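In what follows, a single structure is set out as structure tokens and then discussed.
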Amino acid sequence: MLDKVIKDEFISLRRRFLEKEFSRMNDRQREAVFCTEGPLLILAGAGSGKTTVIINRIANLVKYGNAYESDFVPDYVTDGDLEVLRQAVKGNPSAEILRRAEELCKVNPCPAWRILAITFTNKAADELKARLSNMLGEEDGSEVQASTFHSFCARILRRDGHHLGYSSHFTIYDTDDSRRLMKECMRELNISDKFLTVKEILNEIGRAKDSLLSPEEYMAQYSWDSRKKLIANAYVMYQKRMKEADAMDFDDLLYQTVRMFRTVPEVLEVYQNRFKYMMVDEYQDTNHAQFVFISMLAQGYGNLCVVGDDDQSIYKFRGATIENILGFEQQFKGCRVIRLEQNYRSTKNILKAANAVISKNVNRKGKTLWTQNPEGEKIEIHRVDNEDEESRFIADTILDGVAAGRKFSDFAVLYRMNAQANALERALAKSSVPYRIVGGHRFFDSLEIRDAIAYLRVINNPNDTVALLRIINQPKRGIGDVTLQKASNIAGGLGVSLYDVLLDAGHYPDISRAAFKIKEFTDIIEELRRINENPDYSIHYLYNRMLELTGYKAMWEQAGESEAGRVENLNELASSIIDYEKNSPDEIPQLEGFLEEVALMTDIDNYEAGSDAVVLMTMHSAKGLEFPVVFLPGFEDGIFPGMQTFFNPEEMEEDRRLCYVAITRAKEKLYILNAGSRMIFGSTTHNRPSRFLADIPEELILSFDHYGGGSSSWGDSTSQSYGKFGGGYGGFSGYEGARGSAGNSFDTKNVRAGAAARSSVAGGGISALEKNVKAPAKPGAGTRWKEGDMVSHKVFGKGVIMAITPMGNDYLLEIKFDKAGMKKVMANFANLTPVTN
DNA sequence: AGCAAAATGATTTTT
DNA sequence: TCATTTTGCT
């Protein structure tokens, strides 16, 4: 039995040694690193060194286990050992001393493979692995299970999914595949897309899966609601088809895994026992299913650490529930909470602005970031005429900055909508500013790439009917919809896959007419499948053969100059495949592996700060990144915060969080812009400055007003003031112009502004509407209305317009009809004709 | 079956 | 505005 004095000194020395080991972190961060046991919530503000904490925490677990908080002392500790520690904690100890000290300070170190680290992006997972390998050595570093929820679940399901009747080769469907499949289901169930759109149904199914409701449970729960009953039917058929195709969508990956954990406890136990420590990054972005998934695993050892920032929860529309992070303390009793509030990224001014904006939110844990960084420059807020001026201002400011010694890559432009990128792109190109757009149209979403991938998917899994239908007549092979419809029916009747039917199309009289053409197609696929199964051939060889044999590439090559980009993309995909083959951990890289990577990949993963170019991306995509100078265009009510947020406080809070995220991307200088008028989606809007601007304290900002209501230069006419908002803003919030509409339905989701609303609002404001000239007679081609006009309605008959209210892209008319009485109708949908007395 | 014209939809999108 | 999807026609 060791002497208590020795014990106490040993423990205290061990702590000092560990503190020295992790001395590069601040106190809070270190506390998070050493807190290894039980549930832990780390509230990590923007730029607070969150990733560093995660990495060091894992490193600590692998190297020292739970040594810091443990009072365990090994029996063999001698006076000599104490001396080693004493030397190790002061001055510059020798390597030998250090090595022995490290040995002495281990308490239940955890093997790297028993640590699970969940991230949201592949990029984050890869980064984590790279930095861990760097810190712990390749050996341990690569053994830490760092992956996304989805790829981790996919791995589990490939191994154990047979319990649910899935093969280990199941295909992963993306949203487009799901849409196609749902369209099929709706056709068969006779659900009109006028009544329920594909999107609505898939959204609802997504929510059901997120709530872990099976089709049957969903049906039972909502049997009283006829609309939901229809959705339930669609859900049932959709899941059935997915199973038949041996396919899972993104939501299935989690939903099915949890379902399997519930029904087959032995499988769950395997994973519970394996993972002694678990960490979840970006916890504020988890949804309910992910919460249940991770909770189930955590029931094993209970060592669950989640890291996140409730103020940066911006993916509610993807199912993220901020309640997961807000309620963590309730859900995991005895949980410890550590706040990381010191920011290492931004200036004091930028942080103060961010704090001020986010403090207006009610639904939050509450955190105030602080920094030791300098005060920094003030935030510049500029009001300009329109989006072209806005873009020009940004281009000019960047050029000035570069002239003053900055790099192009120091600048980022973060916008709310991808559609805002167009104007920026034009201006930057005009000024020869190198730029890069991240996100928006994704490479893997382009038509030709999706087709090419669909071919590979059919080769990999011919039961993948969605992929098969996508490419079977692409290029045209004379296999039309009618034939495929019949073939599908036969397949359904026989309980086999569509491809099986096609394989011996000759046997079925219904489709025998097309049998020859079908055989030509299946012969090609069979040939390609043989190539795929032959280990002598690489994936990229298979890919090239596929492009040749199917005639798919030739199709685009013959399509002329305008489609040259598609051919380029097809070649680009070949490089991706070769890349995959090079980097694949497998001895012989498999097509299946490539397809899985593609299915779970996004373009943001490819963002690297490599080239010296200005970066353009959405505020969402920018989360986690930082730039010396940030421009935030489009700070206008109706754009940011968006229109839909006005009536929905929760949405408003989400947009406010997004604003917080955007502001905190800036390290040194922040420019916020807004335009008096803006052309978006083909119609012009007139907007007031964003209400978020009012939240930023005056003393932090420099305000410039270039808004001249038509003047196109800010050179001389610039009014500068050091208070808030230089001049008065003219204009009104409303819309002019859009495409014409001939609709005569009252279905609000189809509401569109028609040519009827097109006008040049010179004087600004509703007055322009009121002053407007008499409506021309042609309906739908320039018709406008004013109060007192006599009109005729298809259903309601004759009436007089009593009131006009602008609403969205349209106008709400209140009409007193002779027979039908007072009615409210949308101008562009009422299909009114003027009545002249 | 295949084409051109018309309609449609558009916030954000870690997988 | 713009790309893609649906439609209406031959």
Side-chain angles (χ1 to χ4, degrees), chain A residues 118-125 147-154 172-176 179-180 183 193 197-199 206 248-254 281-282 284-287 289-290 312-320 387 414-423 439-442 444-447 450 473 475-484 513-514 517 596-605 607 617-624 634 638-645 651 654-655 657-658 661-662 679-684 737-743 749-752 809:
Chain A
I118 300 264
T119 61
F120 270 83
T121 62
N122 300 302
K123 187 182 162 216
S147 61
T148 63
F149 271 109
H150 291 84
S151 51
F152 184 52
C153 286
I172 299 173
Y173 273 13
D174 66 16
T175 24
D176 186 71
R179 242 177 264 144
R180 284 161 182 268
K183 234 179 250 173
D193 57 359
T197 63
V198 175
K199 223 179 132 191
M248 300 210 201
D249 63 25
F250 290 137
D251 297 325
D252 274 332
L253 292 175
L254 274 137
D281 193 11
E282 307 282 14
Q284 75 281 356
D285 292 333
T286 50
N287 62 29
Q290 288 163 339
Q312 293 187 68
S313 166
I314 54 174
Y315 283 104
K316 182 183 146 127
F317 67 96
R318 303 257 297 128
E387 75 277 10
L414 312 179
Y415 35 79
R416 181 67 231 268
M417 288 177 290
N418 285 120
Q420 292 174 254
N422 286 323
H441 288 139
R442 303 191 225 173
F444 283 94
D445 282 347
S446 56
L447 189 98
R450 301 191 54 84
N473 207 28
K476 298 272 181 293
R477 297 190 174 90
I479 307 172
D481 287 344
V482 185
T483 308
L484 290 169
R513 223 157 27 111
K517 288 167 173 174
E596 172 153 335
E597 182 168 293
V598 167
L600 298 178
M601 186 164 63
T602 57
D603 273 13
I604 194 82
D605 294 342
Y607 168 74
M617 64 175 114
T618 63
M619 296 171 179
H620 281 88
S621 305
K623 198 178 76 172
I639 302 288
F640 187 53
M643 209 124 54
Q644 26 352 273
T645 63
E651 289 268 306
E654 176 118 335
D655 259 19
R657 289 192 291 269
L658 187 57
V661 168
M679 169 96 117
I680 211 131
F681 297 137
S683 52
T684 304
R739 130 197 39 197
S741 159
K749 71 180 170 246
N750 290 324
V751 167
R752 275 206 139 58
N809 277 0

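So that the names make sense, note that chain A is the first sequence line, chain B the second, and so on, each numbered from 1. The shown structure was predicted, so the numbers you read here are calculated from the model rather than taken from an experiment.
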- Does A/Asp285 come within less than 4.0 Å of A/Lys623, counting only side-chain N to carboxylate O? yes

- Which residue lies toward the 5' end of DNA chain B, A/His620 or A/Lys476, if each is placed at its nearest nucleotide? A/Lys476

- Task: Please tell me which of A/Val482 and A/Glu654 maps to the more 5' nucleotide of DNA chain B, matching each residue to the nucleotide holding its nearest heavy atom.
- Result: A/Val482

Which nucleotide, [options], lies nearest any side-chain atom of [X]?
X	options	result
A/Leu447	C/dT5, B/dA10, B/dT15	C/dT5
A/Glu651	B/dA10, B/dT11, B/dT13	B/dT11
A/Lys183	C/dT6, B/dT12, B/dT14	C/dT6
A/Phe120	B/dT11, B/dT14, B/dT15	B/dT14

Using atom [atom1] of [X] as one end and atom [atom2] of [N] as the other, report the distance to the nearest whole Å.
X	N	atom1	atom2	result
A/Asp655	B/dT12	CG	C1'	9 Å
A/Phe681	C/dT1	CZ	C1'	9 Å
A/Arg179	B/dA10	CZ	C1'	12 Å
A/Met617	B/dT14	CE	C1'	14 Å
A/Ile118	B/dT15	CD1	P	13 Å
A/Ile680	B/dT12	CD1	P	9 Å

- Under a 3.5 Å limit for both distances, which nucleotide forms a Watson-Crick or G-U wobble pair with B/dT13, could you say? none

[N], OP1 or OP2 - any side-chain N/O from [X] closer than 4.0 Å?
X	N	value
A/Thr483	B/dA1	yes
A/Ser621	B/dT13	yes
A/Asn422	C/dC2	no
A/Lys199	B/dA10	yes
A/Asn418	B/dT13	yes
A/Ser683	C/dT1	no
A/Asn473	B/dG2	yes

- Message: A side-chain contact here means heavy atoms from C-beta on lying under 4.5 Å apart; do A/Met619 and A/Val661 qualify?
- Response: no

- Query: Do A/His620 and A/Phe317 have ring centres separated by under 6.0 Å?
  - Reply: yes

- Message: Students often get this wrong, so: under 4.0 angstrom with heavy atoms, is A/Ile479 touching a base, only sugar-phosphate, or nothing?
- Response: sugar-phosphate

